[in-house]
Amino acid sequence: MKSHIQQLIQQALIALQQTDAWQLDNLPQIQIDRTRAKEHGDYACNIALLLAKPLAKKPRELAENIVKALPASEQISRVEIAGPGFINFFIQEAAQLAIVQQVLSQGENFGHSTLGAGKTVHIEFVSSNPTGPLHVGHGRGAAYGAAVADLLAAVGFKVHREYYVNDAGRQMDILATSVWLRYLALLGEQFDFPRNGYKGDYVKAIAAKLNQQVGKLLHKSAQQVFANVPSDETEAGQGDKEAHIDGLIVNAKRLLGNDYRQVFDLGLQDILADIREDLAGFGLIYQQWFSERSLKEQKAVEHCIAKLNEAGHTYSQEGALWFRATNFGDDKDRVLVRENGEFTYFAADIAYHLTKFERGYEQVIDVFGADHHGYIPRVKAAIKALGYNAEQIKFLIVQFAVLYRGAERVQMSTRSGSFVTLRELREEVGNDACRFFYVMRKNEQHMDFDLELAKSQSSDNPVYYIQYAHARICSVLGQLAEKHLLLDETLGLSQLQLLKESHEQALITQLTRFSEVVEQAALSYEPHQLAQYLRDLANDFHTYYNAHQFLVAEANLRNARLCLIMATRQVLANGLKLLGVSAPRMM
RNA sequence: GCGCCCGUAGCUCAGAUGGAUAGAGUGUUGGCCUCCGAAGCCAAAGGUCAGAGGUUCGACUCCUCUCGGGCGCGCCA
């Protein structure tokens with residue numbers, strides 16, 4: 001409908017340009033907006049106000065000319081000029097009613113479009129280190145990334161969802177060493193667990209599994225393990241916890257030899273399996289789990305650095321190889337290869353991003369937690385240096401969600417091991433509430449997540465409010481048989497003109513918005529727009545429900561109303577699905 | 001110190017690429033079930049859009065500054 005009105009105005013403007021000889025370099029974009037108030041019609045256009053200045057004419061006068069030049073349209077009942085010069089369009093009722101038929105015939109595909117024209121999009125989200133279970137901090141990125149991906153797919157993009165597995169690097173060595181130390185403790189060795197080690201109970205569980213698998217085979221004495229290791233940091237702040245853990249890693253690798261890999265892989269596989277299971281349970285599907293180790297095995301990092309070298313974007317200094325990030329908008333140059341010859345995380349990561357482009361994706365999206373936003377300029381710099389357009393990569397930031405239990409803030413930390421895991425959260429409040437709560441606020445907005453509210457099966461809870469609307473419609477349709485009434489969809493669709501009540505009009509208008517909302521939410525990466533919309537739609541339905549009876553004796557009206565609420569049910573279900581929330585038939 | 005995000009009703013947040021009298025939920029107060037599920041509906045009250053300038057026919061929205069909150073500024077990942 002928007003584009004229809006846009007075309008009408010376009011035609012009017014072209015006609016006017018010829019007759020009135022406007023001196024315009026270029027026409028401003030014709031913007032059609034939904035009106036806020038009913039008396040302003042259904043759609044409004046501000047073109048007259050925009051043209052007033054360049055043409056040096058009064059906006060209302062221009063509006064009158066435009067309206068006069070407007071071609072006739074069967075879909076528009078009335079056009080008015082209002083306020084300073086807005087052109088308001090009133091949509092013909094019959095044109096509005098057509099939405100009901102459209103929803104019912106398109107079913108679960110209603111709201112989908114081909115806007116994206118099959119353009120390939122690579123979206124990476126969560127990508128948490130496999131050093132421990134996902135905690136609630138990852139939840140928002142998961143729910144948000146999944147919703148953005150699903151929205152993009154719904155509007156016709158070809159979406160590839162990927163998880164980057166950081167299965168190489170120091171953090172993983174710390175994990176492997178932590179597992180081994182817990183294993184040694186199980187075998188009776190006495191020592192202080194390193195401050196910087198992973199202290200969670202899941203590490204002990206993996207250690208127990210290791211013990212089951214290998215018995216005492218990997219047993220070494222604490223004395224050997226801690227030999228020549230710099231002392232750990234104390235309460236007083238003396239010692240060095242980083243040097244301490246690094247020393248332990250070196251000893252572990254030396255003492256275990258080839259067996260080190262076994263410990264390492266056991267920890268990795270165990271945790272990764274847990275993460276995959278957790279995300280699958282949360283309704284997330286990935287097309288690919290991309291391993292950092294495989295990247296290194298394929299010499300992809302060397303390949304990437306070679307490309308930068310060839311282009312002259314690197315230099316050596318103090319034994320390290322640097323990337324000239326400052327030439328591409330970053331505030332510092334960045335190390336690619338350390339003095340000790342090892343690649344930095346950054347080097348591997350840009351090599352990874354290079355593969356995204358080399359694999360042919362036209363658009364690349366990274367979903368980051370707010371704590372990583374400082375990392376963005378350097379990745380963007382690398383993309384540019386590698387010869388790609390910075391427009392092809394989009395970074396989406398999710399701010400932290402602070403958990404509350406009622407009024408009390410829930411504390412969490414990965415390292416101490418005393419955190420709330422995503423799994424615990426899902427079990428406590430349920431997947432539906434969890435998915436919905438995480439995306440109902442704008443991604444860049446800091447949010448408070450109240451566990452008590454999410455759990456409450458009451459009117460306070462927006463998820464239940466929307467789901468209840470869906471269940472209620474199912475319930476009404478279930479009443480048909482009991483009342484010995486029949487549903488005649490064909491009859492209903494032919495009698496839609498009977499839907500004259502203001503509540504019905506409002507509901508129909510709301511239905512016509514759905515496709516626009518999905519499109520807008522997808523293109524702006526803002527699933528919260530859909531969440532807000534669904535709340536509004538549910539509200540319009542509940543209001544209608546309270547004001548009118550659907551199962552009336554008169555067959556024409558009854559079937560028309562049933563068609564309307566069936567369409568509503570379909571849109572609720574489609575919308576919820578895009579957000580990863582179920583649409584229950586009963587609650 | 002520099003950079004990014006945020007500051008809208010008591011609380012939690014929308015405000016749709018600048019548009020017409022600033023919107024929801026929750027909370028408060030008062031109503032609505034002999035009738036399709038009251039997990040619902042209706043009504044009232046509640047705002048100098050952090051503050052000050054500026055651009056514009058028009059600013060919650062754009063620009064500058066100030067104040068306040070979050071996060072980040074490693075040869076860590």
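First the proteins, then the strands, lettered A, B, ... as listed; each starts at 1. No hydrogens, no waters, no symmetry mates; every other heavy atom, side chains included, goes into these values.
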- The nucleotide from B:rG19, B:rC41, B:rA16 with an atom nearest the side chain of A:Phe86 is B:rG19
- A:His313 vs A:Phe328 aromatic rings, parallel, tilted or perpendicular, using cut-offs 30° and 60°? perpendicular
- Query: A:Val79 versus A:Phe90: any side-chain heavy-atom pair under 4.5 Å?
  - Reply: no
- Among the nucleotides B:rC13, B:rC41, B:rA39, which one has an atom lying closest to any side-chain atom of A:Arg441? B:rC13
- Under 4.0 Å between any heavy atoms, over every strand shown, what does A:Arg513 touch: base, sugar-phosphate, or nothing? Just pick one. base
- Nearest-angstrom distance, P atom, B:rA50 to B:rA44: 27 Å
- Can A:Glu342 and A:Lys296 be counted as an ion pair, charged N to O under 4.0 angstrom? no
- Query: So, A:Asp246 and A:Arg170, do they make that salt bridge, N to O below 4.0 Å?
  - Reply: yes
- Report the nucleotide, chosen from B:rU17, B:rC6, B:rA38, that has the shortest atom-to-atom distance to any side-chain atom of A:His446. B:rC6
- Query: What is the distance, rounded to the nearest whole Å, between atom CZ of A:Arg140 and atom C1' of B:rG70?
  - Reply: 12 Å
- Item | Which nucleotide in B:rC13, B:rG40, B:rA38 has an atom nearest any side-chain atom of A:His542 | B:rG40
- Item | Mutual orientation of the aromatic rings belonging to A:Tyr345 and A:Tyr375 [parallel < 30°, tilted 30-60°, perpendicular > 60°] | tilted
- Message: Distance check, P atoms only: B:rC75 and B:rG51, in whole angstrom units.
- Response: 42 Å
- Task: Considering only atom C1', compute the distance from B:rC60 to B:rA14 and round it to an integer number of Å.
- Result: 12 Å
- Kindly label the base of B:rC33 as syn or anti, based on whether its glycosidic torsion lies within 90° of 0. syn
- Item | Rounded distance in Å - CG (A:Asn559) to C1' (B:rC36) | 15 Å
- For B:rG25 versus B:rC65, give the span between their C1' atoms, rounded off to a whole number of Å. 35 Å
- Task: Select base, sugar-phosphate, or nothing to describe what A:Thr543 touches, counting heavy atoms under 4.0 Å on all strands.
- Result: sugar-phosphate
Polar-atom pairs under 3.5 Å, protein N or O versus N or O of nucleotides 56-61 of chain B: list them with distances, or write none.
{"from": "B:rC57", "atom 1": "OP1", "to": "A:Lys53", "atom 2": "NZ", "distance (Å)": "3.3"}

- Under the criteria of a ring-centre distance below 5.5 Å and an interplanar angle below 30°, is A:His528 stacked with the base of B:rA14? no
- Inter-nucleotide C1' distance (B:rG47, B:rC62), Å rounded: 23 Å
- Query: Which residue lies toward the 5' end of RNA chain B, A:Arg472 or A:Asn88, if each is placed at its nearest nucleotide?
  - Reply: A:Asn88
- Query: With a 4.0 Å cut-off on heavy atoms, is A:Ala469 in touch with a base, just the backbone sugar-phosphate, or nothing at all?
  - Reply: nothing
- Query: So what's the dot-bracket for RNA chain B: Watson-Crick or G-U pairs under 3.5 Å, [ ] if a pair crosses, | if it pairs off-strand?
  - Reply: (((((((..((((.....[...)))).(((((.......))))).....(((((..]....))))))))))))....
- Would you call A:Arg293 and A:Asp265 a salt bridge, using N to O less than 4.0 angstrom? yes
- Item | Pairwise P distance for B:rA16 and B:rG54, with rounding to whole Å | 25 Å
- How does protein contact run along nucleotides 72-77 of chain B, one letter per nucleotide 5' to 3', with B for base contact, S for sugar-phosphate only, - for none, heavy atoms under 4.0 Å? SSSBSB
- Rounding to the closest angstrom, what is the interatomic distance between B:rU64 and B:rA59 at atom C1'? 15 Å
- Query: So which nucleotide from B:rG15, B:rC41, B:rA38 ends up closest to the side chain of A:Tyr465?
  - Reply: B:rC41
- P-based separation of B:rG7 from B:rU61 [nearest Å]: 11 Å
- Using atom CD of A:Glu526 as one end and atom C1' of B:rC5 as the other, report the distance to the nearest whole Å. 14 Å
